[in-house]
Student: 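Handing you this structure, nothing more for now.
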Amino acid sequence: CAPFANCRNKILSYLDSNLVVADLRATNLKERHWLELKRSLRAQWHVSKVTLGDVWDSEPAKNKAVFQKVITSTQGELALEEFLSGSREYWETLPVDLVQYQDKCHLINNWAALFSKLNEDLSSISHMKQS
């Protein structure tokens, strides 16, 4: 019967969409990401008041590629933010070993370790930029 089939199809659609919804919940979506989703999906919802019903109405199973693009972008941005935060914390708390030079000034001791860490950070940023 038609009403049963319609209800069944709607429930199956919700189950398929649930994977996308779970990814949306797991990522750290910011307002700009919701705006991008709204624009890409041509959705009519208000970004500050998005509900689960609004997401389901935008057919996540059908528009999975659009959602995945934003989710992947968000995950990459989060990884970059975490890396930069860790790097900033490292450099802000790094104790610099100074040695007296001819009773005139202080020089930094162990430049090799500093340059090694700088090269490591630059390499990591370069890899992130390429991905």
Side-chain angles (χ1 to χ4, degrees):
C1 98
F4 173 77
N6 188 24
C7 184
R8 182 178 178 272
N9 290 339
K10 189 82 160 172
I11 291 171
L12 289 174
S13 173
Y14 285 156
L15 289 173
D16 288 342
S17 300
N18 197 36
L19 296 173
V20 175
V21 171
D23 283 344
L24 287 174
R25 192 188 79 213
T27 58
N28 191 15
L29 291 175
K30 295 183 170 56
E31 185 173 344
R32 69 178 179 276
H33 301 118
W34 287 106
L35 285 170
E36 183 179 341
L37 275 174
K38 179 182 176 183
R39 187 173 38 256
S40 297
L41 296 168
R42 296 185 182 105
Q44 299 300 316
W45 29 266
H46 298 283
V47 174
S48 60
K49 298 178 184 178
V50 177
T51 65
L52 182 58
D54 293 331
V55 173
W56 275 338
D57 289 343
S58 62
E59 303 180 58
K62 179 181 169 187
N63 296 306
K64 189 172 186 169
V66 173
F67 282 96
Q68 281 306 124
K69 179 182 174 191
V70 172
I71 290 168
T72 302
S73 171
T74 303
Q75 291 169 340
E77 289 175 16
L78 182 61
L80 181 61
E81 287 174 7
E82 288 175 356
F83 170 77
L84 291 175
S85 174
S87 182
R88 177 182 294 123
E89 182 179 334
Y90 175 83
W91 287 106
E92 286 177 350
T93 60
L94 176 71
V96 178
D97 185 22
L98 300 176
V99 292
Q100 187 74 24
Y101 177 73
Q102 296 180 352
D103 291 328
K104 294 180 183 177
C105 64
H106 288 89
L107 297 177
I108 296 175
N109 192 21
N110 200 5
W111 280 100
L114 291 175
F115 284 121
S116 174
K117 179 62 176 165
L118 277 172
N119 285 333
E120 180 183 315
D121 285 355
L122 288 172
S123 176
S124 296
I125 290 171
S126 173
H127 283 63
M128 287 183 192
K129 181 180 177 183
Q130 292 174 359
S131 65

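FYI, the numbering just counts along the sequence from 1.
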Student: Rounded to the nearest 0.5 Å, how far apart are CG of Leu94 and CD of Glu89?
Tutor: 12.0 Å
Student: Do Ile125 and Phe83 touch side chain to side chain, with heavy atoms closer than 4.5 Å?
Tutor: yes
Student: For residues 100-108, tabulate all N or O donor-acceptor pairs below 3.5 Å that involve a side-chain atom, not counting sequence neighbours.
Tutor:
unit_1, atom_1, unit_2, atom_2, d
Gln100, OE1, His106, NE2, 3.0

Student: So how far is it from Ser17 OG to Lys62 NZ, rounded to the nearest 0.5 Å?
Tutor: 11.5 Å
Student: Please confirm whether the backbone N or O of Asn119 pairs with a side-chain atom of Ser123, one donor and one acceptor, at under 3.5 Å?
Tutor: no
Student: List for me each residue that meets salt bridge (charged side-chain N to carboxylate O under 4.0 Å, His left out) alongside Lys30, sequence neighbours excluded, and say none if there are none.
Tutor: Glu81
Student: Taking all heavy atoms of Thr74 and all of Asn28, pick out the closest pair and write down the distance.
Tutor: CG2-O, 3.3 Å
Student: For a side-chain contact (heavy atoms from CB on, under 4.5 Å) with Val70, tell me which candidate from Leu29, Leu24, Asp23 qualifies.
Tutor: Leu29
Student: Mark yes when over 12 heavy atoms from residues, nucleotides or ligands other than Lys38 sit less than 6.0 Å from its NZ; otherwise mark no.
Tutor: yes
Student: Check side-chain contact (heavy atoms from CB on, under 4.5 Å) between Asp16 and all other residues, then give those that pass, not counting sequence neighbours.
Tutor: Ala61
Student: Going by the rule side chain to side chain donor-acceptor pair (under 3.5 Å), which residues pair with Glu77 if we only count those two or more places apart in sequence or in a different chain?
Tutor: Arg32, His33, Ser73
Student: Could you work out, with side-chain contact (heavy atoms from CB on, under 4.5 Å) as the rule, every residue matching Arg25, not counting sequence neighbours?
Tutor: none
Student: Show the nearest heavy-atom pair for residues Ile71 and Val20, with the distance to one decimal.
Tutor: CD1-O, 4.2 Å
Student: Among pairs that include at least one residue of residues 49-77, which meet ring-ring contact (aromatic ring centres under 6.0 Å, His included), considering only residues two or more places apart or in two chains?
Tutor: Tyr14-Trp56
Student: Side-chain atoms of residues 42-52: list all donor-acceptor pairs with protein atoms under 3.5 Å, sequence neighbours left out, distances to 0.1 Å.
Tutor:
unit_1, atom_1, unit_2, atom_2, d
Thr51, OG1, Gly53, N, 3.4
Thr51, OG1, Asp54, N, 3.1
Thr51, OG1, Asp54, OD2, 3.2

Student: Could you identify which residues cluster with Leu78, counting Ile, Leu, Val, Met, Phe, Trp and Tyr as linked when any side-chain heavy atoms lie under 4.5 Å apart, either directly or through a chain of such contacts?
Tutor: none
Student: How long is the straight-line distance from OG of Ser40 back to CG of Leu35, given to the nearest 0.5 Å?
Tutor: 10.5 Å
Student: Are the side chain of Asn63 and the backbone of Ser58 linked by a donor-acceptor contact shorter than 3.5 Å?
Tutor: yes
Student: Applying ring-ring contact (aromatic ring centres under 6.0 Å, His included), can you list everything that pairs with Phe115, at least two apart in sequence or on another chain?
Tutor: Trp111
Student: List the residues meeting side chain to side chain donor-acceptor pair (under 3.5 Å) with Thr72, not counting sequence neighbours, and say none if there are none.
Tutor: none
Student: Partners of Asn109 by side-chain contact (heavy atoms from CB on, under 4.5 Å), sequence neighbours excluded?
Tutor: Asp97, Val99
Student: Going by side-chain contact (heavy atoms from CB on, under 4.5 Å), name the residues that satisfy it together with Lys117, two or more places apart in sequence or in a different chain.
Tutor: Tyr90, Trp91, Glu120, Asp121
